[in-house]
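To keep things clear, I will list the structure first and then write my remarks on it.
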Number of protein chains: 2
Amino acid sequence: MSNSESLQMNRKSPVPVDQCGAALATEIISDRWSMLILREAFYRVGRFDDIQSEIGIPRSVLTDRLKKLVSNGILTREPYREAGSRTRTAYLLSQKGRELGLVLLALMQWGDRHLRDGETGLSVTHKETGQALVVGLVPASEPKIGFDEVTLTPTSSAP
Amino acid sequence: MSNSESLQMNRKSPVPVDQCGAALATEIISDRWSMLILREAFYRVGRFDDIQSEIGIPRSVLTDRLKKLVSNGILTREPYREAGSRTRTAYLLSQKGRELGLVLLALMQWGDRHLRDGETGLSVTHKETGQALVVGLVPASEPKIGFDEVTLTPTSSAP
DNA sequence: TAGGCTAAGTTCGAATGTCAAACTCAGAAT
DNA sequence: ATTCTGAGTTTGACATTCGAACTTAGCCTA
């Protein structure tokens with residue numbers, strides 16, 4: 001059934017590994033947990049115990065990953081206080097971290113399509129126009145739609 | 001300097017981890033090596049020894065990751081023969097694998113911006129219009145630009 | 001002011017995974 | 001018949017991950 005579709009092979013890539021942003025990025029965020037921690041951060045789940053129990057990461061590993069993400073400027077560690085309760089620690093996305101949103105969304109889009117049989121868990125809507133949005137290739141000249149111009153709506157079952 | 005920008009915290013995410021495509025996807029591709037292997041696959045570097053020496057992965061680990069990627073339908077393992085030489089084995093992207101291209105590009109875009117001081121290693125051009133393309137949010141209603149409508153050009157130094 | 005409760009980590013030994021280097025093995029090429 | 005090559009295996013040292021229990025500081029309440 002499958003015959004040789006793609007005959008031409010290359011012996012090396014045109015862009016050396018150490019000059020590729022993707023390759024450098026994997027060193028920071030491509031382990032079993034970092035992306036999941038960032039997922040929580042995007043949803044503003046920023047407390048140690050909450051992150052830990054949602055994704056099921058060992059506490060010692062979470063400590064380590066948070067340190068790594070903070071030291072890479074992706075998260076910040078900040079004290080915060082809710083109305084009339086004690087001061088706590090929160091891990092928040094920095095601007096640099098926020099810009100990983102596209103990666104996370106692209107991953108979600110792929111995962112929903114190929115691993116969940118097309119079921120989307122979250123829909124992204126343009127506030128201004130009400131249009132549904134997806135991650136795709138866009139002319140660099142067009143105005144970028146930022147995450148602050150967008151509404152996220154969980155699609156299916158309750159939290 | 002940094003005061004509490006974002007006061008409202010959530011105790012849990014609106015989309016449970018096991019219903020999130022991104023979370024499922026990380027189980028397959030979020031280890032130190034899989035994304036790098038896919039990077040090679042996108043550049044059609046498909047031979048065992050070539051992948052191994054480009055990214056520096058231990059051979060035993062490469063064996064394991066290739067099996068995993070094949071069993072998840074992201075790569076296919078196929079015999080191929082170049083003009084007048086012996087039959088070899090090549091690892092090629094499946095359609096499912098090809099659709100990870102957006103994730104890889106989004107990661108590259110982020111990495112180039114934040115880890116390489118804005119130096120881009122690769123530029124993406126729309127064949128039809130000649131326009132430079134980036135990964136971004138697009139209305140779902142607009143026609144998608146596929147990877148077959150696009151030219152990839154290494155930006156800087158030779159392979 | 002003592003005692004409890006939380007949140008945010010540490011510590012620890014066992015299980016698992018990664019590493020580099022050397023080895024295997026089948027099919028061409030000499 | 002021997003060498004070469006591509007695609008893996010094997011191995012034993014080293015590193016990371018796991019989960020369960022422990023620590024520590026600050027508040028809260030009595």
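Computed from a predicted model, the values in this text were never measured in an experiment. Values below: every heavy atom of this structure, side chains too, minus hydrogens, waters and symmetry copies. First the proteins, then the strands, lettered A, B, ... as listed; each starts at 1.
For the residue pair Arg39(A)/Ser13(B), the side-chain donor-acceptor check at 3.5 Å is satisfied. Using modelled atom types and a 3.5 Å distance limit, the side chains of Thr87(A) and Arg81(A) yield a donor-acceptor pair.
Taking each heavy atom of Pro14(B) and Pro154(A) in turn, the nearest pair found is CB-CG, 3.5 Å. In plain terms, the two heavy atoms of Thr155(A) and Thr120(A) that are nearest each other are CB-O, 3.2 Å.
The nearest heavy atom of DNA chain D to Gly56(A) and to Ser85(A) marks one nucleotide each, and the one closer to the 5' end goes with Gly56(A). Mapping Thr87(B) and Ile57(A) onto DNA chain D by nearest heavy atom places Thr87(B) closer to the 5' end of the strand.
Ile37(B) places its CD1 atom 12 Å from the P atom of dG8(D), with the value rounded to the nearest Å. Atoms CD (Glu78(B)) and C1' (dA7(D)) sit 16 Å apart, rounded to a whole Å. Put simply, CZ on Arg88(B) is 11 Å from P on dA28(C), counting in whole angstrom units. As rounded to whole Å, 12 Å separates atom C1' of dA7(D) from atom OH of Tyr80(B). Protein atom CZ of Arg86(B) is 12 Å distant from nucleotide atom C1' of dT3(D), rounded to whole Å. Rounded to whole Å, the distance from CZ on Phe48(A) to P on dT24(D) is 17 Å. One interatomic measurement links the two molecules: CD of Glu82(B) to C1' of dG6(D), which rounds to 13 Å at whole-angstrom precision. The interatomic distance linking Gln52(A) (CD) with dC18(D) (P) rounds to 11 Å, in whole Å.
For the OP1/OP2 pair of dA7(C) and a distance below 4.0 Å, the side-chain nitrogens and oxygens of Arg47(A) include at least one atom meeting the criterion. In this model, the phosphate group of dT16(D) is not approached by any side-chain N or O of Trp33(A) to a distance below 4.0 Å at OP1 or OP2. Contact check, Tyr91(B) against dG8(D): a side-chain N or O comes under 4.0 Å of OP1 or OP2.
Within residues 58-67 of chain B, the residues having any heavy atom under 4.0 Å from DNA chain D are, by residue number, Arg59(B), Ser60(B), Thr63(B), Lys67(B).
Looking at heavy-atom distances under 4.0 Å, Arg77(B) makes contact with sugar-phosphate atoms alone, never a base.
With respect to Arg32(B) and Asp31(A), no salt bridge is recorded, no charged nitrogen being found less than 4.0 Å from a carboxylate O. Salt bridge status for Asp49(A) with Arg59(A): present, with a side-chain N to carboxylate O gap under 4.0 Å.
Candidate nucleotides dA7(D), dA8(C), dC19(C) were compared by shortest atom distance to the side chain of Arg32(B), and dC19(C) ranks first.
Considering only heavy atoms from C-beta on, Tyr91(A) stays 4.5 Å or farther from Thr76(A) through its side chain.
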